[in-house]
Amino acid sequence: RAPMAEGLSAYLGNKWLQMLGGTAYTAPGAVYIGLHTGNPGASGTSAVSSVTTRMAVTWGTAAAGAVAESNTPTWSSWAGTNGEVVTDISAWDASTSGNFLFSALLAASKTMATGDTIEITSLSVSYSPIAA
């Protein structure tokens, strides 16, 4: 796969920067995670898994420049391509369509077989503030 960095989308980065100029950004009511077989790319639409259902993720309270998931997004009873290798995730502000927020490489890839379950058990977003 081509070496592209995962991370913050241009959409979300621009929304955050616009806040500095006084333009309000309304956070999404929910965030949804999609599965990928490679780097999702700059638009979050590359290497989409054969299972296209996005699962909701909820977040704890942010502290010291980090926030972690407070639930476990789960895809059970895999009905996608047998032998598909899931390597990355994308985050969106809608369960279908919507705006791409960020992407991440999984700590370990998962080869899926019919009937398998895949869970995102540890997901956090962080930045390095000057002082926490």
Sequence neighbours excluded, every pair satisfying ring-ring contact (aromatic ring centres under 6.0 Å, His included) that has a member inside residues 27-86 = none
Partners of F100 by ring-ring contact (aromatic ring centres under 6.0 Å, His included), sequence neighbours excluded?
-> W92
Closest heavy-atom pair and its distance - A91, V31 | CB-CG1, 3.9 Å
Which heavy-atom pair separates I120 from T72 by the least distance, and what is that distance?
-> O-CG2, 3.6 Å
Does any N or O in the side chain of E119 come within less than 3.5 Å of the main-chain N or O of T74, such that one atom is a donor and the other an acceptor?
-> no
May I ask whether V51 and V57 are part of the same hydrophobic cluster, defined by side-chain heavy atoms of I, L, V, M, F, W, Y residues being less than 4.5 angstrom apart, directly or through others?
-> yes
Mark yes or no for whether S90, through its side chain, and S103, through its backbone, hold a donor-acceptor pair below 3.5 Å.
-> no
Linking I/L/V/M/F/W/Y whenever any side-chain heavy atoms sit under 4.5 Å apart, do V86 and L105 land together?
-> no
I118/D116 under side chain to side chain contact (heavy atoms under 4.5 Å, CB included): CA gap, chis, key distance, verdict = CA-CA 7 Å; I118 185 169; D116 278 357; over 6 Å; no
Expected output: side-chain N82 to main-chain T114 donor-acceptor under 3.5 Å = yes
What is the distance from atom OG of S43 to atom CG of N99, rounded to the nearest 0.5 Å?
-> 12.0 Å
Enter the distance from K110:NZ to L35:CG here, rounded to the nearest 0.5 Å.
-> 12.0 Å
Within the distance-only criterion (no hydrogens, no angle test), does the side chain of T23 pair as donor or acceptor with the backbone N or O of G21 below 3.5 angstrom?
-> no
Are L8 and L17 co-members of a hydrophobic cluster defined by side-chain heavy atoms under 4.5 Å apart?
-> no
Do you reckon L106 sits in the same ILVMFWY cluster as M55, going by side-chain contacts under 4.5 Å, direct or chained?
-> yes
Using the side chain to side chain contact (heavy atoms under 4.5 Å, CB included) rule, take T81 and T37 through it: C-alpha gap first, then chi angles, then the decisive distance, then the call.
-> CA-CA 11 Å; T81 302; T37 59; over 6 Å; no
Kindly give the heavy-atom pair with the smallest separation between S109 and T87, and that separation in Å.
-> CB-CG2, 3.9 Å
Transitively linked via ILVMFWY side-chain contacts under 4.5 Å: L101 with W16?
-> yes
What is the minimum heavy-atom distance between S50 and G80, and which atoms define it?
-> OG-CA, 3.3 Å
Indicate the atoms forming the closest heavy-atom contact of T117 with M112, along with that distance.
-> C-CE, 4.0 Å
Looking at I89 and P40, what are the two nearest heavy atoms and their distance?
-> O-CG, 3.7 Å
Side chains of E84 and S49: is there a donor and an acceptor less than 3.5 Å apart?
-> yes
